[in-house]
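Below is one structure, written out as C-alpha cells, with a few remarks after it.
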Amino acid sequence: MEFASCSILRPQSFSAISHAFPKSSTFPGKCLHFHRFTAFSSLSGADDQNPSQKLAVLLEVDGVLIDAYRLGNRQTFNVAFKSLGLDCANWTEPVYLDLLRKCAGDEEKMLIMYFNRIGWPSSLPTTEKESFVKNVLQKKKTAMDEYLMSNSLPLRPGLEEFLDDAYNEGIPVVILTSYSKSGDKISRSIIEKLGHERVSNLKIVGDKEVEQSSYGQLVFGKVFSSGADQEIAKEAMKAVSAEKQRIAEEVASMLKLNVDLDTTPSESLQKIIAALRAGAESAGLAVCNCVLIAGSQSGVAGAERVGMPCVVLRSSLTARAEFPSANAVMDGFGGADLTISKLRTKKWL
C-alpha cells in the first residue's frame, strides 16, 4: 500500500512502518514514492484557500448506486432455470437465502448444493455437471444484464440527495464504471436513471477514460518512446518487488517464520488501481484527497493499495461481510449513515 500525507486520512500504520527501516535505507519503492508525491504540495496549498476542493468522492456502481442482488438475483436465477427447461427448479426466498448463507454467496457452489439436494437432470451425464452449472450461470448473467437495463430497477434510497448535496458544496463526484461486474455499457445505462441534469454534474470514468488518463497511458505503455523505455520501467518494477521480498524475508527470519510475499497486483487489481488513479485525475485532486465509496472487497483492496480512504456501503450481497481495511462501513445513504457532511467533517473515520 502507498502512503502519502493527506488532509483526509493519515494512516496510523505509517509511523510503525517508517521506524522499521533505517533512515539511510535505499529501499527504492520508498524513495520513488516520496519524490512522486512532492508535486502535490502546491495543490495542498490551493486546497487551504478553497476548502470544498479538499475532497472528491468516487463511487462504484455495483452495490453502491444499485442493490441489484436484493431485488433481482433470485428472480434471474429462476429465469435461467425456466429458459433451460428446468421446470422442477425454482428458488423461493427461503431456499435462496439458505443457499446464500451456506455457500457464502458463491453462486457456483449454490447451484451444486441445490441440485445435490433435489437431484440433477436425469439426462445429464455425471461428467457434464460442471459445464451444466456454467451454462446456468451464463443464462443467469444474461437475465441479470437485461434486468439491470430495465426501468424497473430502482437506485439506492438517498443516492440522489447525496449527489445533490455534493454538487451544492462544490465537491466533485466521479462514478467508476471501468471495473464494474455489470460492464461499462450497462453501468452507464444505470447512471442514466439519475436524469440528465444530475448526470451532467458528474464525471464518469470507464474503460476509455482510464486508457486516456495520464496514469492509464503510462500503464498501458502509450507514452513510452521506445521498447527500451518499456524494459527500463519493467525492470524498475521488478527491483521494487524484489526489495520488498528481501525485507520481508529478513523480518521473517528474525521471527523464524516462512514468508512468500506476492508484491505484484493481479490483473483485476491492476485494473481497479488504474481506475482509482484515473478517477482522482478526473477530479483534479491527489489520490489521498479522494474517498472511494465501495460496494466490493476488490474495490477496498484497490483503495488500500493506492492509499485512498475508503467507505464501504453494505448491500444485500455484503450484509455479513467484513471489511477490515475500510475506514468505515455503513448501511446506506443519508440519515445516520453516509452523508456529505460526515465526509467533510471526517466523522466517518
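As the structure is a computational prediction, the values presented were derived from the model and not from experiment.
- Atom CG in Asp98 sits 12.0 Å away from atom OH in Tyr114 (nearest 0.5 Å).
- Taking hydrophobic clusters as Ile, Leu, Val, Met, Phe, Trp and Tyr residues chained together by side-chain heavy-atom distances below 4.5 Å, Met330 shares a cluster with Leu343.
- Asp331 approaches Arg156 most closely through the heavy-atom pair O-NH2, 2.8 Å.
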- Task: Take Asp165 and Arg344 through the salt bridge (Lys or Arg N to Asp or Glu O under 4.0 Å) test and state the conclusion after the steps.
- Result: CA-CA 11 Å; Asp165 288 345; Arg344 287 288 303 275; over 6 Å; no
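- The heavy-atom pair separating Thr339 from Gly334 by the smallest distance is CG2-CA, 3.8 Å.
- For the salt bridge (charged side-chain N to carboxylate O under 4.0 Å, His left out) condition, no pair includes a residue of residues 78-97, sequence neighbours left out.
- At a threshold of 4.5 Å between non-hydrogen side-chain atoms, the residues Val329 and Thr318 do not count as touching.
- Cluster annotation: Ile340 and Leu65 are assigned to the same hydrophobic cluster (Ile/Leu/Val/Met/Phe/Trp/Tyr, side-chain heavy-atom contacts under 4.5 Å, transitive).
- By the 4.5 Å heavy-atom criterion applied to side chains, Arg198 and Tyr167 are not counted as neighbours.
- Within the 4.5 Å cutoff, the side chain of Leu163 has heavy atoms near those of the Leu59 side chain.
- Nearest heavy atom pair, residue Pro121 against residue Leu86, reads CG-CD2, 3.9 Å.
- Using a distance-only test at 3.5 Å, with no hydrogens or angles considered, a donor-acceptor pair links the side chain of Gln297 to the main chain of Glu322.
- By the side chain to side chain contact (heavy atoms under 4.5 Å, CB included) test, Lys203 pairs with Val174, Ser282, sequence neighbours left out.
- More than 12 heavy atoms of other residues, nucleotides or ligands shown are found within 6.0 angstrom of NZ on Lys140.
- Side chains of Val210 and Val205 form a contact here, defined as non-hydrogen atoms less than 4.5 Å apart.
- The hydrophobic clustering, which links ILVMFWY residues whose side-chain heavy atoms are closer than 4.5 Å, places Leu100 and Met113 together.
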- Message: Evaluate Glu107 against Leu111 for side-chain contact (heavy atoms from CB on, under 4.5 Å), listing each step before the verdict.
- Response: CA-CA 6 Å; Glu107 295 184 343; Leu111 287 169; 5.7 Å; no
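- We find the NZ-CG distance between Lys54 and Asn289 to be 8.5 Å, quoted to the nearest 0.5 Å.
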N/O donor to acceptor pairs below 3.5 angstrom from side-chain atoms of residues 187-194, sequence neighbours left out:
from   : atom 1 : to     : atom 2 : distance (Å)
Ser187 : OG     : Ser180 : OG     : 2.9
Ser187 : OG     : Gly183 : O      : 2.8
Arg188 : NE     : Asp184 : OD1    : 3.0
Arg188 : NH2    : Glu209 : OE1    : 2.8
Arg188 : NH2    : Glu209 : OE2    : 3.3
Ser189 : OG     : Ile186 : O      : 2.5
Lys193 : NZ     : Ser150 : O      : 2.5

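- Looking at Arg74 and Val95, their side chains never come closer than 4.5 Å, going by heavy atoms from C-beta outward.
- With hydrophobic clusters built from ILVMFWY side chains whose heavy atoms lie under 4.5 angstrom apart, Leu55 does not share a cluster with Val312.
- A distance of 11.5 Å separates CZ in Arg101 from CE in Met110, rounded to the nearest 0.5 Å.
- Atom CD1 of residue Ile293 and atom CG of residue Leu338 lie 5.0 Å apart, to the nearest 0.5 angstrom.
- Side-chain contact check for Glu160 versus Phe333: every heavy-atom pair is 4.5 Å or farther apart.
- Taking all atoms of both residues into account, the shortest heavy-atom contact from Pro309 to Cys290 is CD-O, 3.1 Å.
- Leu269 is not listed as a side-chain neighbour of Tyr179, based on a closest heavy-atom distance of 4.5 Å or more.
- Going from atom CG of Leu292 over to atom CG of Leu313 covers 11.0 Å, rounded to the nearest 0.5 Å.
- At a threshold of 4.5 Å between non-hydrogen side-chain atoms, the residues Val287 and Leu276 do not count as touching.
- Of all heavy-atom pairs between Asp337 and Lys342, the closest is O-NZ, 2.8 Å.
- Considering only residues two or more places apart in sequence or on other chains, Asp207 meets the side-chain hydrogen bond (donor to acceptor under 3.5 Å, both in side chains) condition with none of them.
- Among pairs with a residue in residues 278-290, none fulfils salt bridge (charged side-chain N to carboxylate O under 4.0 Å, His left out), at least two apart in sequence or across chains.
- The CD atom of Glu146 sits 13.5 Å away from atom CG of Leu153, with the distance rounded to the nearest 0.5 Å.
- Side-chain contact check for Ser298 and Ser296: at least one donor-acceptor pair (N or O, by modelled atom type) lies under 3.5 Å.
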- Could you give me the CA-CA distance, side-chain angles and deciding distance for Asn201 and Val173, then say whether side-chain contact (heavy atoms from CB on, under 4.5 Å) is met? CA-CA 8 Å; Asn201 298 328; Val173 175; over 6 Å; no
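- Although no hydrogens or angles enter the test, the distance criterion places a donor-acceptor pair under 3.5 Å between the side chain of Asn78 and the main chain of Trp91.
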Contacts under 3.5 angstrom, residues 124-138 side chains, donor-acceptor by atom type, not counting sequence neighbours:
from   : atom 1 : to     : atom 2 : distance (Å)
Glu130 : OE2    : Lys134 : NZ     : 3.4
Ser131 : OG     : Glu128 : O      : 2.9

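- Geometrically, Arg277 engages Tyr215 in a cation-pi contact defined by less than 6.0 Å to the ring centre and at most 45° from the axis.
- Criterion: ILVMFWY side-chain heavy atoms under 4.5 Å apart, direct or through other members. Under it, Phe323 and Val311 are not part of a common hydrophobic cluster.
- Closest of all the heavy-atom pairs between Ala294 and Val300 is CB-CG2, 4.3 Å.
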